[in-house]
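To find a chain, count down the sequence lines: A is the first, B the second, and so on, and within it residues start at 1. Computed from a predicted structure; not experimentally measured.
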Amino acid sequence: LKVIKKRLKNNVDLKIIPTTKFKTLVLNIGFKGPYKQKDITGLYLLSKIMADSSKKYPKAELLARQQDYLYGTAIQVSSQLVGELSLFSLTVSILDPKLISSKFKLLEKAIALIVELIYRPNIVNGLFDQQLFETTKSNHMYRLKSLDNDKESVAAIRMKELVDDSHPYQQLSLGNLKDLSTITNQDLIKLYKELLDREIEIYVLGDVLSKNIVTTIEKKFKAKAVNKKIKTIIPLKQTKVKKIIETRKFNQSYLSYLLTVNTLVGDKDYYPMIMFNAIFGRTPLSKLFRVVREKNSLCYSISSSYQVNYGFINVGAGIDAKNYKKADSLIRQQLTLMKQGSFTQEDINMNRNMLVTMIEHTYDQPVGLVNQLVTSDLIKADTIKQDYIDNLNKVTKAQIIKAAKKVEVKIEYLLKQGDKNETK
Amino acid sequence: MKLNKTYYKNSDETVYSTKLSNGLNVFLIPKPEYSETAAVFATKFGSLESNAILKLNGNTIKGKLGVAHFLEHRMFDNPKGPVFDLFSNLGAISNAFTSFDKTAYYFVASNKLESNTELLLDFVQGLEIKKESVEKEKGIIIEELKMYLDMPESRLGRGILENMYINHPIKHDIGGTIEEVASTSLEVLQACHQTFYHPNNMVLVIVGQMKVDSLIKVIEKNQNAKTLKPQLKPVFAKVSEPLIVKFKYRQIQMPISTKKIAIGYKLKPIDKLTNIQINKRLIAYSIYQDMLFSESAPFYQNLIKSKIITPTMDVSAFQGAGYNAMIIESEVLDEAKFIKAIDDQIKNANVGLMEKEFQIVKNLNVSEAIRSYESPQRLAINYMSNYFDGVNVFDDLESIKNITLKDIVKVASEIRQTKKSVFVIKPMVKN
């Protein structure tokens, strides 16, 4: 797999990944820029509005019908936050045109549709169609409220609130109800205009080399030549140790932790920390899965995840409240055992094999692969699969123990099942 | 042994297939450009068979609700160690799932395909568990069931089936109930294994990077070396399911923010059709749904604009032995208007005049079919699942091509005549 990189005359950074193995072509158009906290909700709304209509297709059903007609050309518009960077992107997957009649000109039509969505939005007299704006806003309100229905979301949001440091991790890319209530159509117009002034990076994956893709992209897109360095790697500081218990009306409880690891992507301990996290809780071979779930039958779901650009690990488990003390002590005990080096070379090998298979799996899926490349590039992680695998292979047990010793439990949060809601 | 080779021109895929002497059907679908391979080994045994009466060593054993799912969980306990570990040692990721009528075990690997395949066959065909291991698993499964109890979507799907079906076991949760799980014994698991995990009742599908010739030899050698216990014949209590629904309307409360609704249409089961006919029917349902209810249907967008629903509506149809249903689910802001709008759309939409929509939706279905062949894991699971349903996934494109608007008109009139049921989850008043 090779990535051809080009800086085009229209200032677009183009990355082509030529391959014949998929039945899909993927285009990812990313607008990168800084953001202010108050804009997050608006950027999210804008992504919904742009995905729903345009000048030529002013109604959602017309746009959706055009996508159906273009052999189910799927367009996902998303607004993500990575550190201090906002990534607003369109991910488009198109059926490989060689699988249907060439007379249809599928790629040309699909690109025309993307250009339409980006450069000819549904703006009437300087504002987005008012009904569209109102409906999108009210639907988003329901979406934000529904986060309360799911205990993992509730726990994740509470965890963000419990952090002392003011950090991008605390922001939800969906935004919040408070900002949503005051947002205006004018605000979105302003955000849309700022979007067009951002840097643009385009990824193209698939059997495209013979298709003049470079010329087409050069002709159809335009970007400003801004090259501001925006921080995507920002360590999360949490000095205070906290333990919080709250009650909500659920049938099951959710126990979660935030652990600082003092290791960021690119650091010397980065790969050892990836291995630590795998052995500790990421995989079904991990200590947490085996001990808390398999040996002690305390839960069905348990896992840990490493936020490599923020330097912390989240652990979460769905348990019964009556088992809380036992689950908590077992989870903490596994961390202590990791620090003491109580894991085998076999644990290392097996978990490493699993990470390798996971990355191979990602690289065998067209949209997954493009997303992986986009994110890895943003946080300066390895984008070449073999580099990642080689680096994992070099990690030794001593390095993992050293990494484990840097891990500290900082926040413990129990969302307890109960008859009523109690927040402390 | 004869290996049959079939090339499907429309999708540019080749399938090698054979039936081994012990009755196991094997399908190999090579994808030379991929690094990974996915293999699925599955049995036609799901939650619907939980009511089987089994005979083990002369004793009669009654099935338990959720027993297929329980057995799936427990297969991962192997005398050589946890199965996840054994696969991981060989660089593979393994998992499994249980549905209404299937239990499937699968792995994805980027090397050591042949050893992984043998491991898959060996662990699924050998059940060597102890009583303690059965007891230990109960806690995990009960937490899993409780997790679903807190998930509104899961409760909605469950609730509408409970509403629609009077006797058919599809009204039960795939995982069973906490009480039935707690009283599941080692013997019933053993009896189910000997009955349903016989090669005659199973299929092996492998998709991705592979050397076909040596792989099939490994599979054949592995199977020939095994002496399997004779297949036990289960007895099923005869279920007669009337076409009326159990509850026309029912509601429950949950701590959720917005009301959720499911409307179910109880269709006549379609048991006595040929494979191609079933395939065509399933596609006709899918096209009908897309024409009337998808995002490209003005109907759906109007519901959103009129603040009757949030953009969460989903329509699905499914069928199997003795059941066939179409279900519409959504978050709803105005329940009465929603029910009336759906009624009107089903009653009044003049499908026969929607030629243009029909052609466009056909394009969409062509692309969905082709894309479903793209991921090894997805294709392996789809191929297996369709095989048990009597359908070949690679016939989809041909079926789509052959479908006419008349077929859709027929589906529409059939749905018009069915009994409807409504299930609602109301937000609980917050404390």
Side-chain angles (χ1 to χ4, degrees), chain A residues 19-24 59-61 64-65 67-72 95 99-100 131 135 138-139 142-143 145-146 148-151 248-252 283-285 290 293-301 318-320 346 349-351 353-354 356-358 360-361 363-366 420-421, chain B residues 12 31 33-36 82 84-85 88-93 108-110 136-141 143-144 146-147 149-152 254-258 290 294-298 300-301 304-305 307 310-311 331 333 357 360-361 363-364 366-368 370-371 373-377 428 430-431:
Chain A
T19 169
T20 53
K21 95 179 183 193
F22 301 115
K23 296 182 196 291
T24 310
K59 290 181 174 175
E61 60 265 35
R65 185 181 291 180
Q67 290 178 244
D68 287 358
Y69 167 67
L70 299 181
Y71 287 86
L95 191 67
L99 294 166
I100 56 162
Q131 195 195 7
T135 316
S138 109
N139 285 332
Y142 291 112
R143 170 92 172 77
K145 283 188 177 167
S146 76
D148 230 22
N149 303 347
D150 169 44
K151 57 179 167 286
R248 290 284 177 101
K249 201 167 168 62
F250 285 120
N251 289 297
Q252 193 182 47
T283 75
L285 308 169
R290 281 184 183 177
R293 175 179 145 138
E294 297 292 309
K295 277 212 188 94
N296 288 280
S297 311
L298 296 181
C299 58
Y300 171 71
S301 72
I319 59 164
D320 193 284
E346 207 194 340
N349 296 344
M350 290 196 310
N351 280 286
N353 286 343
M354 190 147 261
V356 171
T357 305
M358 283 173 183
E360 297 277 13
H361 183 61
Y363 274 70
D364 270 348
Q365 301 179 77
K420 51 181 184 227
N421 296 342
Chain B
D12 188 25
K31 284 185 173 283
E33 287 186 85
Y34 280 67
S35 325
E36 68 173 3
F84 287 122
D85 298 19
S88 184
N89 265 334
L90 298 166
I93 297 175
V108 177
S110 42
K136 218 176 59 186
E137 197 64 19
K138 290 179 181 172
I140 299 175
I141 297 174
E143 285 311 316
E144 185 182 0
K146 275 158 61 182
M147 178 179 84
L149 274 182
D150 278 338
M151 295 160 94
M254 274 185 84
I256 55 172
S257 52
T258 311
D290 287 340
S294 77
E295 284 176 38
S296 58
Y300 175 60
Q301 303 295 347
I304 297 173
K305 267 182 244 164
K307 302 213 159 118
T310 66
E331 255 182 20
L333 306 174
E357 288 83 354
I360 288 175
V361 164
N363 276 6
L364 173 68
V366 164
S367 127
E368 280 174 354
I370 294 178
R371 285 176 203 209
Y373 310 147
E374 196 166 50
S375 141
Q377 183 180 320
M428 208 166 250
K430 280 195 180 158
N431 290 291

Does a donor on one side chain and an acceptor on the other come within less than 3.5 Å for S146(A) and E331(B)? no
Hey, which of T135(A), T19(A), N139(A) has the most heavy atom pairs under 4.5 Å with chain B? N139(A)
Pick from A297(B), A92(B), S367(B) with the largest number of heavy-atom pairs that fall under 4.5 Å of chain A: S367(B)
Winner by heavy-atom pair count (cut-off under 4.5 Å) against chain A, out of K136(B), R371(B), M147(B), E295(B): R371(B)
Any Lys/Arg nitrogen of R65(A) or E357(B) sitting under 4.0 Å from an Asp/Glu carboxylate oxygen of the other? yes
Between E36(B) and T357(A), is there a side-chain heavy-atom distance shorter than 4.5 Å? no
Determine the minimum heavy-atom distance between G91(B) and N353(A), stating which atoms define it. CA-CB, 3.7 Å
Heavy-atom pairs under 4.5 Å with chain A are the metric here; pick the option from K146(B), E374(B), K307(B) that has the most. E374(B)
What do the steps show when you test R290(A) against D85(B) for salt bridge (Lys or Arg N to Asp or Glu O under 4.0 Å), and what is the final call? CA-CA 10 Å; R290(A) 281 184 183 177; D85(B) 298 19; 2.3 Å; yes
Identify which part of I141(B) has an atom lying under 4.5 Å from any heavy atom of chain A, answering side chain, backbone, both or neither. neither
Determine the option with the most heavy-atom pairs under 4.5 angstrom with chain A, choosing from I140(B), I93(B), I360(B), L364(B). I140(B)
Given the options V361(B), D12(B), T310(B), which has more heavy-atom pairs under 4.5 Å with chain A than any of the others? T310(B)
Tell me yes or no: between the side chains of Q67(A) and S296(B), is some donor less than 3.5 Å from an acceptor? no
